[in-house]
Structure formats: structure tokens, C-alpha cells
Amino acid sequence: CTPSTHVKGLWVSRAVKAGATDSPTPLADLLPRITSEGLIDPKDKKKTLVVATIRMGFGHHRLAYSACSWALEQGYNTIFHDLINIESEESKLIGSADTIYSKMSRLSSELGGPVEYLWGKAMKQGDANGLRIAALEAAHLLPLLLSYPKDIPLITTHQLVALTAAAAGFTNVVNLVVDNYPQWFLVVPKTLNLTQGPVNYQSFLKMGVPPDQLALAGHWCPTGLVQNLEKDCQARIARAKATPLKARRLLIPVGGAGAQKKFIVGFLETISDMVKKGQVQLFLNAGDHPHMKTAFIEVLTKCGLDYDTVTTTQGVYDFQEALLKGGEPNKAVTLFAFDEYFPAVATTDLLGRVADVLTCKPSELAFYPLPKLHIRRVGDHEADSARRAAELGEGTMEARELSDALEYMNLFLTTPDLLVSMNEQVLQANKIGLYDGCKNAVKWAMEGNKKTK
């Protein structure tokens with residue numbers, strides 16, 4: 001393992017390369033003492049948690065880093081274990097599937113029509129056969145987890161990792177279930193499957209998931225957004241009510257597959273006059289997608305919008321700090337673009353504190369604790385996540401067309417009521433622990449996942 005260059009205190013696992021010049025910390029130094037049976041010595045007081053994921057899009061990584069943030073908050077040795085990060089034939093198998101997924105997501109959003117229809121339907125076909133097929137693939141991935149003792153507390157944020165852990169005989173696996181659309185493909189036998197909302201929880205019970213392998217945990221959110229939620233919401237409410245009108249700050253991130261270009265570019269053209277009039281400020285997160293950075297630059301140039309560019313994690317922190325202190329961006333549009341994967345994911349979490357509206361497809365971001373304008377989905381399963389946020393009152397229904405998104409924008413500008421209401425609903429939801437999903441996952445994993453014993 002090596003120390004994360006982005007998150008203080010976090011360890012990142014990787015394969016040891018022949019001839020490498022650096023000196024990674026041996027995994028054994030981070031784990032509790034192991035008995036002759038290969039299990040953790042219960043007398044050892046060292047507390048280590050492994051958060052395992054697969055870099056398929058940003059969502060699964062986002063969940064993993066959220067879980068890590070709560071584990072680090074509790075002072076646990078925390079290891080971030082991305083199966084694709086372990087260079088091997090097994091990780092190449094995963095990578096090939098990710099390549100196909102990303103390509104199809106981009107094609108469906110750009111071409112629309114029959115392609116979008118078929119891809120959308122495909123994203124809702126995770127039935128029992130889908131689970132069986134995934135389990136067969138997981139059987140080929142066992143070497144990617146076998147360096148850990150079988151009773152290590154293990155949180156997984158991708159069902160393929162949970163299936164691999166279950167097949168390998170791990171006994172303390174907490175599987176974070178994504179989305180708000182129940183599919184067999186998402187739950188894993190012999191693990192504690194945690195859901196974000198009651199629809200998935202009730203549906204999985206009806207589908208036959210054993211009650212001792214299922215629990216309702218709450219939304220998967222990072223510490224930074226949850227612990228600062230009250231003051232951030234109050235700041236948004238004050239901005240919404242201010243006279244004269246303060247520019248509405250829209251945070252627009254691109255997903256890990258790099259899809260949505262057509263809709264987002266069209267949306268920026270649609271609201272460009274609002275930006276020129278000082279009614280809207282844009283925080284554009286192109287992630288690590290060169291084609292999206294190019295697309296953003298082209299549309300901003302076409303619309304005559306000047307912009308600043310931020311390309312480092314430190315630059316994002318500096319930008320956030322300035323706005324938290326009451327400052328304003330140097331220009332109405334700020335473009336965030338990176339060469340690395342982590343800043344692309346982390347930037348949305350950091351800027352969420354200073355944005356008025358998170359403008360995103362209804363992915364895992366639909367469960368974040370701030371007002372959301374949900375734009376056109378990539379996959380039909382995402383529609384239910386937008387509906388979840390809308391019924392909670394802290395997000396819109398999905399804006400399928402540019403005209404739908406423009407209606408919401410006009411509401412945000414002509415009255416503070418909708419933004420105020422959304423923030424008030426976030427505050428109310430927080431009182432019942434709605435955003436404590438990752439906090440609960442860490443707690444239950446470290447307690448030994450007693451529910452499935």
C-alpha cells in the first residue's frame with residue numbers, strides 16, 4: 001500500500017511491480033495481527049477497514065471515498081482497494097467491461113432515439129440471471145482479494161466486488177447497494193446489503209432477500225457535506241432570499257463515462273444569456289475527460305462567455321475556501337478539468353458546499369444533501385433516483401428536455417421559494433439521519449456485521 005496523494009491518512013493498495021524504485025508499505029503492517037488460521041487475532045486492538053470498489057464511472061468511486069471519509073473520521077486504518085488498480089489479467093477483464101459500458105453510455109446520450117431506448121432498457125435487466133452471470137465473472141477475480149484475512153471488515157461499493165468477496169469466503173462484507181431501482185443484480189448473498197431508501201429495502205424483502213442480509217442505512221454521502229450541512233443550507237437560503245438577486249451558482253459535473261455532452265452543451269447555450277446578465281454562475285466539472293473539456297471550451301467560446309480554469313486539487317480547495325468566506329468567483333464561469341481520476345470525483349464533493357444547485361443526471365449524486373436540478377438520464381434505472389429526491393423535496397424531477405430544464409431555471413431566478421424549500425427539506429431529512437448511510441456502513445462493518453452472523 002502507498003499513502004494517498006489526495007486524502008490524508010488514506011492508504012491505497014496496488015500490486016507490487018518488479019523493479020519498482022519506491023518502497024510501499026507492506027500490507028501486513030496495516031492489518032491487525034493474523035492468527036495461524038489466517039484470521040484476525042481478537043486480542044489485537046488495531047482497527048483496519050478495507051473499502052473495495054471498481055472504477056466503473058464515478059459513482060462507485062464516489063461511494064467508496066464517502067465511506068473512507070467516515071472511517072478516517074473514526075480513526076481507523078483505512079485501505080482503499082480498487083480492483084482495477086491491481087495490475088493483472090483479472091483487472092484487465094474488468095477494464096474491458098468498463099470500456100464497453102462507457103462507450104455505450106456516450107453513444108446512447110449522443111445519438112438518442114433507438115440507441116438510447118435500447119441502452120436505457122438494458123440498464124433495467126439486472127434480474128436473477130444477471131446476478132448469476134456476474135457471480136460467474138466474480139469467480140475469476142478471487143486473486144484480487146486474497147491478500148486480506150477472510151474476517152477483515154470489508155465495505156464494497158460495487159456488487160461485483162461483493163460477489164468476489166462472498167465467493168472467496170469473506171465473512172464480514174457490507175455491500176452498499178446503488179440506485180433506487182431494485183434489481184437482483186445489485187444484491188449479494190452472504191453479505192449485509194445496505195440500501196439508501198425504503199423502496200429498495202421493501203422491494204428486496206418482497207423479492208426474497210433474507211432479512212438478516214438486508215438493512216436500510218441512508219444515503220451514501222461524504223463527511224464534508226454532511227457535517228457542514230446545516231450552515232451550508234442556511235447560507236444557500238440566505239443567498240436565495242437576498243435582494244438584489246444573487247447569481248444562482250450551478251455546479252455541473254460530467255459523469256465518469258463522459259456521456260451527456262449533447263444535453264449539457266445545449267443547456268449551456270440555453271442559459272448563456274442568464275450568465276451574461278449576472279443571474280447565473282457556472283462551475284463546470286469536466287472531470288478527466290479531454291473531450292468534455294474541449295466541448296465546454298467550444299460552447300463557452302461560441303456563446304461569448306469568459307471563464308477561469310482550475311486544474312489542480314489545491315486549486316479546488318482554494319476556490320472553495322474563498323467562496324466559503326463570502327467571496328465570489330473571479331469570473332461567472334469556472335471550468336474544472338484534470339488529468340487524474342481522483343480530483344475529477346472529489347471536485348464535485350468539494351464544490352457541493354458552495355453551489356446553490358447541483359445540476360446532474362440522476363446518478364448517485366441524486367442522493368446528495370443539497371438542492372438538485374436533475375437533467376436527462378443515461379439509463380432508465382436512473383429515473384427512480386430523481387423521483388426519490390423529488391419526493392423528499394430536495395431535488396427536481398428529471399428534466400428530459402432543455403425546455404424542462406429552462407422552466408426550473410426560471411423558477412430559481414424569479415422566486416426564492418423553490419430553493420428555500422429544497423434546503424429546508426435537506427435540513428429536515430438530516431434530523432432523522434437520512435444522509436448517514438456511509439456512517440452506518442462503517443459502524444456496522446467495524447462491529448463485525450452481526451446481523452448476518
Side-chain angles (χ1 to χ4, degrees), residues 4-10 12 51 55 57-73 78 80 157 219-236 239 248-256 281-289 292-293 296 307-331 333-360 363-373 423 426 430 435 438-439:
S4 169
T5 57
H6 300 287
V7 181
K8 185 179 180 180
L10 182 64
V12 180
V51 180
R55 190 170 64 243
F58 287 160
H60 298 286
H61 251 211
R62 191 178 305 285
L63 268 59
Y65 279 116
S66 293
C68 287
S69 71
W70 287 102
L72 292 169
E73 176 80 9
T78 307
F80 183 89
T157 68
H219 294 190
W220 316 134
C221 303
T223 55
L225 288 177
V226 178
Q227 293 178 339
N228 296 291
L229 182 152
E230 186 163 349
K231 61 183 177 183
D232 290 345
C233 282
Q234 295 297 348
R236 291 189 199 99
R239 285 179 54 81
R248 304 313 193 210
R249 295 171 175 170
L250 268 60
L251 168 57
I252 306 179
V254 177
Q281 293 173 356
L282 299 174
F283 307 156
L284 306 177
N285 182 8
D288 60 346
H289 300 296
M292 282 306 307
K293 178 182 178 181
F296 278 141
Y307 61 94
D308 268 347
T309 304
V310 176
T311 60
T312 65
T313 304
Q314 186 57 52
V316 180
Y317 277 108
D318 293 343
F319 184 89
Q320 181 208 53
E321 183 180 6
L323 269 59
L324 287 174
K325 290 180 177 179
E328 292 291 335
N330 293 328
K331 297 179 180 177
V333 181
T334 307
L335 172 61
F336 299 84
F338 310 94
D339 296 326
E340 294 182 74
Y341 198 86
F342 175 81
V345 176
T347 292
T348 300
D349 292 359
L350 293 170
L351 297 184
R353 292 198 57 199
V354 293
D356 293 317
V357 182
L358 175 57
T359 306
C360 59
S363 59
E364 291 310 302
L365 291 173
F367 298 87
Y368 265 33
L370 71 158
K372 294 168 290 285
L373 167 56
N423 281 288
V426 170
N430 190 50
Y435 306 111
C438 284
K439 179 181 179 181

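Here the structure is a predicted model, which is why all the values come from computation and not from measurement.
Looking only at side-chain heavy atoms (C-beta outward), V7 and C68 stay at 4.5 Å or farther from each other. The shortest side-chain heavy-atom distance between L370 and D232 does not fall under the 4.5 Å cut-off. F58 places none of its side-chain heavy atoms less than 4.5 Å from the side chain of V254. When side chains are defined from C-beta on, R62 counts as touching T348, because their heavy atoms get closer than 4.5 Å. Residues C438 and L63 are not in side-chain contact: their nearest non-hydrogen atoms beyond the backbone lie 4.5 Å or more apart. In this structure, the side chains of K372 and L365 stay at 4.5 Å or more apart for every pair of heavy atoms. For the pair L323/R249, a side-chain contact is recorded, criterion being any heavy-atom separation below 4.5 Å from C-beta on. Residues T309 and T311 have side chains in contact (heavy-atom distance under 4.5 Å, counting atoms from C-beta outward).
Listed by chain and number, the residues in a side-chain hydrogen bond (donor to acceptor under 3.5 Å, both in side chains) with Q320 amount to none (sequence neighbours excluded). Not counting sequence neighbours, the partners of L351 by the side chain to side chain contact (heavy atoms under 4.5 Å, CB included) test are L251, F283, V316, F319, F336, T347, V354. In this view, A64 and V51, T53, F80, T157 satisfy the side chain to side chain contact (heavy atoms under 4.5 Å, CB included) rule, not counting sequence neighbours.
Atoms CD and CZ, from E321 and R353 in turn, are 11.0 Å apart once rounded to the nearest 0.5 Å. Here I252 contributes atom CD1 and T359 contributes atom OG1; the two are 5.0 Å apart, rounded to the nearest 0.5 Å. Atom OG1 in T78 sits 11.0 Å away from atom CD in E73 (nearest 0.5 Å). Taking CD of E340 as the reference point, atom OG1 of T313 lies at 7.0 Å (rounded to 0.5 Å). Distance check: L10 CG to T5 OG1 gives 10.0 Å after rounding to the nearest 0.5 Å. Of the inter-residue distances, the one linking N430 atom CG with L225 atom CG reads 11.0 Å to the nearest 0.5 angstrom.
A distance-only check finds a donor-acceptor pair linking the side chain of N285 to the backbone of A344 [under 3.5 Å]. Distance alone, capped at 3.5 Å, is enough to place a donor-acceptor pair between the W70 side chain and the C221 backbone. S69 places no side-chain N or O within donor-acceptor distance of the main-chain N or O of P222, the cut-off being under 3.5 Å. In this structure a side-chain-to-backbone donor-acceptor pair under 3.5 Å is missing from R55 to H61.
A distance of 6.0 Å or more separates the ring centres of F367 and Y435.
Closest non-hydrogen pair, L72 versus G9, comes out as CD2-O, 3.5 Å. The minimum heavy-atom distance between R236 and A355, with the atom names listed, is NE-O, 2.8 Å.
Ring-plane geometry between H6 and F342 is classed as parallel, the angle between the planes falling under 30 degrees on a 0 to 90 degree scale with a further cut at 60.
Salt bridge D356/R248: absent, no basic N to carboxylate O contact under 4.0 Å. Salt-bridge check for R239 with E328: passed, with a basic side-chain N closer than 4.0 Å to an acidic carboxylate O.
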Working for ring-ring contact (aromatic ring centres under 6.0 Å, His included), residues F296 and H289: CA-CA 11 Å; F296 278 141; H289 300 296; over 10 Å; no
